[in-house]
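Here the structure comes first, spelled out in structure tokens, and everything after it is commentary.
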Amino acid sequence: MSEKGLAVIKIPIGFAGFIFLLAIVFGLTPFSCGPAQAAGTKPPLMTIVLDPGHNPKQPGALGNQGIYEIVYNDNLTAQLADALRAAGFAVLLTRSPSQNIGLEERARIANDFNADLFLAIHHDSAQPQYLEKITHNALPAYQDKMPITGYSIFVSKLNPQFADSYRFAELLGQGMLALGRSPSLHHAENIQGENRELLDTRLGIYRFDDLIVLKKTTVPAVLLEVGVIVDPKDQQYVNDKNNQKAIVGTIVSAVRKYERSRAERH
Ligand SMILES: [Zn+2]
């Protein structure tokens, strides 16, 4: 099957073993280099596992429009999966929108699939003392008491591929800055529930060693908080279709740069 054909294969969700078998059948082996790569042949593009954060039973943060985080995560991840496939990458989602899976299982899927990159997509909130309970169209909702905006990127030093994880985090941060976004620095505040070490303040990269999906993955892994859905301005930004397209384009571009940087080092 041609590489072009591979690009449009929709890989079923779940059943890691079945997927792995499919991967072997269709030659979706991880990016490789060295003697195994026949001279003159183009290496296959990377395989990427996307992890839409949370699940229907635990839908994450409640935003200022009365919509749970999972809705934002699933929406953006679906768009990102389409864009990455269109760019020729093999993409697997850890779960479908209706599926309930645990954190360790998400990491296991990436490991079983021997992905080249694991990217978890989340939307952010703030600590309870910074939030007020409101109603939006009769729906319960939360809103920040002062503006808390921006994106955040997390990596774990317990991930065995920390250097590659960090390289992708940098490319992602540079892309988000170029998009006109600012990093949210509220996770570094010295209060309960936060107090995360900033590895790069300009790019908004935090160290969070014990995040299960980052420390249990044996492949390069990064978590992106796209924006803060309890903040009216940020919610409006991440909910806008054109902005979503721009964010997706930025992530795809970061993945491309990451792939090139890996190829150069091999
Ligand atoms: Zn989340």
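In each ligand, atom 1 is the first atom listed, and ligand 1 is the first ligand listed.
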Quiz item: Taking it one step at a time, do His187 and Phe154 satisfy ring-ring contact (aromatic ring centres under 6.0 Å, His included)?
Solution: CA-CA 10 Å; His187 296 298; Phe154 292 90; 5.4 Å; yes

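The Zn ion (ligand 1) does not have His123 among its coordinating residues (no N/O/S atom, backbone or side chain, under 2.8 Å). Coordination check, Asp124 versus the Zn ion (ligand 1): failed, since every N/O/S atom of the residue sits at 2.8 Å or beyond.
When all heavy atoms are compared, the tightest approach of Glu69 to Ile229 is CA-CD1, 3.7 Å.
Annotation: angle subtended at the Zn ion (ligand 1) by Glu69 OE2 and His122 ND1 is 90°, to 10°.
No option in Lys233, Glu132, Gln235 other than Gln235 meets the side-chain contact (heavy atoms from CB on, under 4.5 Å) test with Asn64.
Between Asp209 and Lys215, none of the side-chain N atoms (NZ, or NE/NH1/NH2) sits under 4.0 Å from a carboxylate O, so this pair counts as no salt bridge.
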